[in-house]
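Report on the structure given below.
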Amino acid sequence: MTHSHGMDVEEGKAGGGKGRSPTPTPNRDGGATSGAGGGGGGAAAPTATGGATTSGGRSTLHANKTILKTVSVFLASGKRNSSNQQSKNAAAALQNKRQQRQRRMDELSGKVNPKLLDSLRKKTRFTKDELDALCRIYRKLVSNCQYAAKTLASSSSSAAIAKPHAAVEGIDRIVFRELLHSTFDIVTEEILMERIFCSWDKAHEGLPLRLEGWLIGLSTFLRGTPAERAAFCFRVYDLNTDGFITKDEMFTLLRNCLIKQPQDEDPDEGVKDLVEIVLKKFDLDKDGKVSLEDFMGTVTAEPLLIEAFGQCLPTDSAVVSFFSTLQV
């Protein structure tokens with residue numbers, strides 16, 4: 001009996017081990033461990049870690065998308081700003097082109113817009129009515145230039161000469177020289193005629209004279225102060241525009257002033273003697289050439305020497321006659 005009961009107890013313990021889970025045994029970390037259960041718990045741990053990794057990956061991906069979106073917005077904004085700036089620049093260029101075209105049309109029609117008229121009144125010594133009349137004269141002179149250009153273009157041999165001037169509207173050399181001769185009584189050598197034309201508008205030497213250059217030069221020519229007129233004469237006499245009137249330039253300017261006699265063996269000797277006399281008069285600093293300061297000082301002391309190297313200013317009677325024809 002006793003033995004049988006012991007067998008039952010042992011079998012009961014064994015059966016209990018098979019029929020229910022063993023009591024968890026606390027481990028040193030306070031967690032529960034068991035055989036199969038502990039193994040199961042150990043297998044669950046990587047699953048939790050994988051979930052954390054997945055969550056972190058999603059956060060990083062979301063952050064990257066946010067950055068890319070921000071960059072895209074920034075680039076799109078810069079592209080719009082660049083496009084807007086280009087549009088503004090194009091509009092400004094178009095407006096400027098229209099204004100220039102309108103100004104050319106006004107010049108050719110003899111009209112002056114109020115802003116330009118106000119500017120010209122400040123830059124010249126003409127009244128508003130005089131400026132209006134001078135603009136009409138400019139229109140007629142330009143028409144003469146265009147007619148002359150068409151006449152030259154009708155000749156096949158002269159067409160090549162006329163083409164370079166077709167694109168630039170203004171008063172050309174031929175009409176300008178005729179104006180000096182017939183209106184202002186300037187009778188001088190060809191070289192001085194050319195220099196007067198080139199020195200008329202300081203900003204555009206040698207080019208056909210536009211309206212503003214024509215009026216500013218005419219103001220000096222007709223109503224300039226003694227200093228302004230003297231500076232204009234100096235520019236005319238400075239043939240190579242180096243800032244000095246040299247002995248060679250004096251010789252070129254003065255050689256036609258003397259009447260050559262048939263019996264003169266070397267007429268240029270007289271011109272050389274005249275150059276030496278004039279140089280002593282004008283060369284105040286004794287450096288062998290005449291600077292603007294030398295010229296201005298000499299002319300200030302003796303105003304009659306302002307045209308010592310040739311006529312390049314209108315006579316007083318011509319100026320009076322010219323203004324009387326303006327009918328203002």
Side-chain angles (χ1 to χ4, degrees), residues 120 123-127 130-131 133-134 137-138 141 171-209 211-241 243-246 249-258 274-275 278-279 281-282 290-326:
L120 290 173
K123 294 178 181 179
T124 65
R125 291 183 170 85
F126 298 127
T127 65
E130 288 173 340
L131 284 174
L134 291 172
I137 293 176
Y138 173 84
L141 293 174
I171 303 173
D172 63 16
R173 285 171 169 83
I174 299 174
V175 173
F176 181 81
R177 293 174 187 177
E178 177 61 28
L179 177 72
L180 291 183
H181 178 70
S182 61
T183 303
F184 299 117
D185 296 337
I186 293 183
V187 181
T188 187
E189 295 76 22
E190 178 68 19
I191 187 172
L192 272 182
M193 284 290 196
E194 175 65 16
R195 285 302 303 151
I196 293 172
F197 177 75
C198 293
S199 303
W200 191 270
D201 182 8
K202 292 184 292 184
H204 303 284
E205 286 193 4
L207 296 177
L209 294 173
L211 178 62
E212 185 171 347
W214 151 255
L215 293 174
I216 293 175
L218 196 63
S219 176
T220 300
F221 192 68
L222 300 177
R223 288 181 174 167
T225 64
E228 290 173 341
R229 289 158 70 89
F232 172 74
C233 291
F234 180 84
R235 289 200 308 272
V236 173
Y237 300 145
D238 182 14
L239 302 182
N240 62 357
T241 65
F244 298 95
I245 305 174
T246 62
E249 289 171 332
M250 293 180 195
F251 181 84
T252 301
L253 293 168
L254 294 174
R255 69 185 307 171
N256 294 326
C257 294
L258 296 181
L274 181 59
V275 167
V278 174
L279 182 61
K281 192 70 176 178
F282 279 90
V290 179
S291 65
L292 177 60
E293 290 74 16
D294 293 335
F295 189 84
M296 298 292 284
T298 302
V299 170
T300 300
E302 300 185 48
L304 293 177
L305 293 176
I306 190 172
E307 295 181 279
F309 300 104
Q311 184 188 5
C312 53
L313 291 172
T315 62
D316 293 339
S317 60
V319 173
V320 173
S321 175
F322 176 76
F323 279 109
S324 67
T325 61
L326 294 183

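Note that the numbering runs from 1 along the sequence shown for the chain. Being a predicted model, the structure only gives us computed values, none of them experimental.
Taking the six-membered ring where the residue is Trp, Phe184 and Phe322 present tilted rings, their angle falling between 30° and 60°.
Between Ile245 and Phe282 there is no side-chain heavy-atom pair separated by less than 4.5 Å. Proximity of Trp214 to Asp201: side-chain heavy atoms (C-beta onward) are nowhere separated by under 4.5 Å. Here the side chains of Leu209 and Tyr138 are not in contact, with every heavy-atom distance at 4.5 Å or above. By the 4.5 Å heavy-atom criterion applied to side chains, Thr252 and Glu189 are not counted as neighbours. Contact of the Leu326 side chain with the Ile137 side chain is registered, since non-hydrogen atoms from C-beta on lie closer than 4.5 Å.
The CZ atom of Arg177 sits 4.0 Å away from atom CD of Glu190, with the distance rounded to the nearest 0.5 Å. Put simply, CG on Asp185 and OG1 on Thr315 are 4.5 Å apart, with the number rounded to the nearest 0.5 Å. Atom CD1 of Ile186 and atom CD of Glu307 lie 7.5 Å apart (nearest 0.5 Å). Atom SG in Cys198 sits 10.5 Å away from atom CG in Leu239 (nearest 0.5 Å). Rounded to the nearest 0.5 angstrom, Leu192 CG and Gln311 CD are separated by 9.0 Å. Atoms CZ and CD1, on Phe197 and Ile171 in that order, are 8.5 Å from each other to the nearest 0.5 Å.
The heavy-atom pair separating Met296 from Ala231 by the smallest distance is SD-N, 4.0 Å. The two atoms that bring Thr124 and Ser219 nearest to each other are CA-OG, 3.5 Å, heavy atoms only. For Phe234 against Leu292, the heavy-atom pair with the smallest separation is CZ-N, 3.4 Å. Of all the heavy atoms in Leu313 and Phe221, the pair that sits closest is CA-CE1, 3.9 Å. Nearest approach of Cys312 to Tyr237, heavy atoms of both residues: SG-OH, 3.6 Å. The nearest pair of heavy atoms linking Thr220 to Glu228 is CG2-O, 3.8 Å.
The pair Arg223-Glu130 counts as a salt bridge, with a side-chain nitrogen and a carboxylate oxygen less than 4.0 angstrom apart.
For Asn240, the CG atom is densely surrounded, since the number of other residues' heavy atoms within 6.0 Å is greater than 12.
Checked by atom type and distance alone, the side chain of Ser321 never pairs as donor or acceptor with a backbone atom of Ser317 at under 3.5 Å. Between the Glu249 side chain and the Thr246 main chain, a donor and an acceptor come within less than 3.5 Å of each other. For Asp294 (side chain) and Gly297 (main-chain N/O), no donor-acceptor pair under 3.5 Å exists by modelled atom type.
In this structure, a donor-acceptor pair under 3.5 Å is absent between the side chains of Thr241 and Asp238.
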